[in-house]
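Working notes, structure below.
Remember, it's 1-based here, ligands and their atoms both numbered in the order they're listed.
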Amino acid sequence: MTPVNVALIGYAFMGKAHSNAYRQVGPFFKPRLRPHLKVICGRTRAKVEEAAREYGWDEASTDWEEVVARKDIDIVDISTPGDLHAPIAIAAARAGKTVLCEKPLANTVAEADRMLAAVEKAGVIHMICHNYRRAPAVMLAKQLIDEGKLGEIRHYRGTYLQDWPADPKFPMVWRLDKATAGSGALGDLAAHSIDLARFLVGEITEVSGDLKTFITERPLQGDPRKKGKVTVDDASIALVRFDTGAIGTIEATRMALGRKNYNRFEINGSRGSVAFDMERMNELEVYLGSDPQAERGFKTVLATEPVHPYFKAWWPAGHIIGYEHTFIHTVYDLLEGMADRKQPSPSFVDGVRNQRVLAAIEKSAQTRRWVKV
Ligand SMILES: NC(=O)c1ccc[n+]([C@@H]2O[C@H](COP(=O)([O-])OP(=O)(O)OC[C@H]3O[C@@H](n4cnc5c(N)ncnc54)[C@H](O)[C@@H]3O)[C@@H](O)[C@H]2O)c1
């Protein structure tokens with residue numbers, strides 16, 4: 001059990017999820033490297049100090065540059081808005097740290113390329129947090145596909161629907177500002193569907209996409225009488241072609257009233273189908289053409305058996321897990337990668353490829369043409 005010191009930049013939504021992951025991974029997974037919650041970083045001293053107390057970090061800081069340069073830090077975890085991913089990751093790589101970065105990797109392809117070049121030049125371990133890959137049911141879908149149980153994959157249908165800013169009175173926040181977030185539903189939500197498509201089906205080679213902003217102005221947070229301009233998409237849709245010959249659709253929106261975290265995919269192959277919905281994340285719907293005809297039909301597999309990926313570390317079968325566990329699994333794979341000095345996936349290479357698909361959808365929406373990735 002070798003301790004490794006973590007510096008986490010960002011203490012809010014993902015800061016909380018990642019803090020929990022570093023705390024839980026040790027007792028449940030017993031990784032050879034044990035994360036020590038050394039320093040958490042944000043902008044507002046009182047708030048970051050409160051987060052440090054609540055989540056169990058030794059220290060609080062408001063200066064990421066100083067934190068990233070510290071000799072006693074082994075892992076830099078980037079849980080900030082997109083505009084800070086590149087500067088923090090590049091500084092961390094240059095300082096020789098392992099880097100875990102939230103998605104999308106960057107706000108532009110150029111930034112993502114620079115981040116990948118920096119980690120490769122420094123020879124450090126790098127990972128992007130596409131945590132949905134690490135739901136055991138998603139891993140089971142991957143196993144079935146890799147074993148050929150679904151045959152040749154023909155369709156990927158990814159839908160990621162939310163509704164949090166559907167009310168026009170919802171204020172301007174960083175996620176609605178292109179300079180900070182890079183894009184809207186596209187980079188925030190479709191990036192996850194693209195990652196799952198790449199993980200489960202293959203590389204996306206060509207896209208035809210559209211983007212739409214339904215609510216173009218919103219009240220400012222400090223002064224609701226004033227309005228700010230929304231500079232990102234509320235919704236994105238794309239037809240995609242894969243290098244394997246499969247075709248697909250990827251739809252992401254923040255305007256699907258009633259849908260909270262409807263991250264769903266369905267995959268149809270020549271011999272069977274699978275479907276997954278994050279809001280029922282312990283289950284995988286499976287249809288196998290190889291089942292006897294009289295018994296054929298979609299069945300719901302509860303992916304909580306000890307044979308299902310990651311589940312042995314948790315509870316007896318049927319004792320389900322949740323959203324936060326996907327981050328614990330991510331951190332576990334990062335730690336094992338560090339211990340074996342082997343690059344875990346998804347890495348910054350995946351981040352860059354994902355970013356190129358996002359950029360192609362954006363370009364296709366602007367030019368109203370198919371765009372090669
Ligand atoms: N993997 C997932 O499922 C998932 C879910 C939500 C968000 N995300 C990604 O995580 C990242 C963060 O999103 P979030 O929802 O946690 O945002 P958030 O607004 O909840 O938190 C952002 C954090 O960044 C910190 N921050 C901003 N500027 C800073 C600076 N200059 N120095 C230090 N800290 C700074 C803020 O203090 C805050 O703690 C984004 O890239 C987002 O796309 C991923």
Checklist entry - What protein heavy atom sits nearest atom 34 (N) of ligand 1, and how far off is it? => result Gly42 CA, 3.5 Å

Checklist entry - Is it true that Lys16 lies under 4.0 Å from ligand 1, counting heavy atoms only? => result no

Checklist entry - Taking atom 38 (C) of ligand 1 as the point of reference, which of Ala12, Pro104, Cys101, Gly15 owns the nearest heavy atom? => result Ala12

Checklist outcome for this item: Per-atom filter on ligand 1: closer than 4.0 angstrom to a heavy atom of Asn131 are 1 (N), 2 (C), 3 (O)

Checklist entry - Can Lys47 be said to sit on top of Tyr11's aromatic six-ring, NZ or CZ under 6.0 Å from centre and within 45° of the ring axis? => result no

Item to check | Nearest protein heavy atom with distance in Å, relative to atom 37 (O) of ligand 1 | outcome: Tyr11 CE2, 3.4 Å

Checklist entry - Side-chain heavy atoms under 4.5 angstrom apart, residues restricted to Ile, Leu, Val, Met, Phe, Trp, Tyr: same cluster for Val352 and Leu358? => result no

Next on the checklist: Salt bridge check, Asp58 against Lys38: does any charged N sit closer than 4.0 Å to a carboxylate O?
Outcome noted: yes

Checklist entry - In this structure, are over 12 heavy atoms from other groups packed under 6.0 Å from Lys121 atom NZ? => result no

Checklist entry - For ligand 1, which atoms sit closer than 4.0 Å to a heavy atom of Ser79? => result 12 (C), 22 (C), 23 (C), 24 (O)

Checklist entry - Relative to ligand 1, is Met14 under 4.0 angstrom through side chain, backbone, both or neither, heavy atoms considered? => result both

Checklist entry - For atom 17 (O) of ligand 1, which protein heavy atom lies nearest, and how many Å away is it? => result Trp174 CZ2, 3.4 Å

Next on the checklist: Among all the protein's non-hydrogen atoms, which is closest to atom 31 (N) of ligand 1, and how far away is it?
Outcome noted: Leu84 CD1, 3.4 Å

Item to check | Minimum heavy-atom distance between Ile40 and Val48, given as atom pair plus value | outcome: O-CG2, 3.6 Å

Next on the checklist: Tell me whether the count of non-hydrogen atoms from other residues, nucleotides or ligands lying under 6.0 Å of CZ in Arg94 goes above 12.
Outcome noted: no

Checklist entry - Which of parallel (below 30°), tilted (30 to 60°) and perpendicular (above 60°) describes His325 and Trp314? => result perpendicular

Checklist entry - Can you check whether Ala185's main-chain N or O pairs, donor with acceptor, with Asp233's side chain at less than 3.5 Å? => result yes

Checklist entry - Taking everything shown except Arg280 itself, do over 12 heavy atoms lie less than 6.0 Å from its CZ? => result no

Next on the checklist: If the cut-off is 4.0 Å to any non-hydrogen atom of Pro81, which atoms of ligand 1 fall inside it?
Outcome noted: 22 (C), 24 (O), 27 (C)

Item to check | Side chain, backbone, both or neither: the part of Ala17 lying under 4.0 Å from ligand 1 by heavy atom | outcome: neither

Item to check | Sub-4.0 Å heavy-atom approach of His85 to ligand 1 | outcome: yes

Checklist entry - Any heavy atom of His130 sitting closer than 4.0 Å to ligand 1? => result no

Item to check | Which of the ligand 1 atoms, numbered from 1, are nearer than 4.0 Å to a heavy atom of His192 | outcome: 1 (N), 2 (C), 3 (O)

Checklist entry - ligand 1 versus Thr62, non-hydrogen atoms closer than 4.0 Å: side chain, backbone, both, neither? => result neither

Item to check | Cluster overlap Val99 with Met338, hydrophobic side-chain contacts below 4.5 Å | outcome: no

Checklist entry - Hey, is Arg175 touching ligand 1 through its side chain, its backbone, both or neither, going by heavy atoms under 4.0 Å? => result side chain

Checklist outcome for this item: For Phe13, the ligand 1 atoms with a heavy-atom partner under 4.0 Å come out as 5 (C), 6 (C), 14 (P), 15 (O), 16 (O), 20 (O)

Next on the checklist: For atom 42 (C) of ligand 1, what is the closest protein heavy atom, and at what distance to 0.1 Å?
Outcome noted: Lys103 O, 3.6 Å

Item to check | Taking atom 11 (C) of ligand 1 as the reference point, the nearest protein heavy atom with its distance | outcome: Thr80 O, 3.2 Å

Next on the checklist: Take a 6.0 Å sphere around NZ of Lys312 and say whether it holds more than 12 heavy atoms from other residues, nucleotides or ligands.
Outcome noted: no

Item to check | Closest approach of any protein heavy atom to atom 26 (N) of ligand 1, naming residue and atom | outcome: Arg43 NE, 3.9 Å

Checklist entry - Quick one: which ligand 1 atoms are inside 4.0 Å of a heavy atom on Trp64? => result 32 (N)

Next on the checklist: Under a 3.5 Å cutoff, is there a donor and acceptor pairing between the side chains of Arg134 and Tyr310?
Outcome noted: yes

Checklist entry - Near Cys129, which atoms of ligand 1 are under 4.0 Å from a heavy atom of that residue? => result 1 (N)

Checklist entry - How close does the nearest protein non-hydrogen atom get to atom 44 (C) of ligand 1, and which residue and atom is it? => result Glu102 OE1, 3.0 Å

Checklist entry - Near Gly10, which atoms of ligand 1 are under 4.0 Å from a heavy atom of that residue? => result 23 (C), 24 (O), 25 (C), 39 (O)

Checklist entry - Are a donor atom and an acceptor atom from the side chains of Tyr323 and Asn261 found within less than 3.5 Å of each other? => result no

Item to check | side-chain hydrogen bond (donor to acceptor under 3.5 Å, both in side chains) between Asn268 and Ser273, worked out | outcome: CA-CA 4 Å; Asn268 313 116; Ser273 299; 3.0 Å; yes

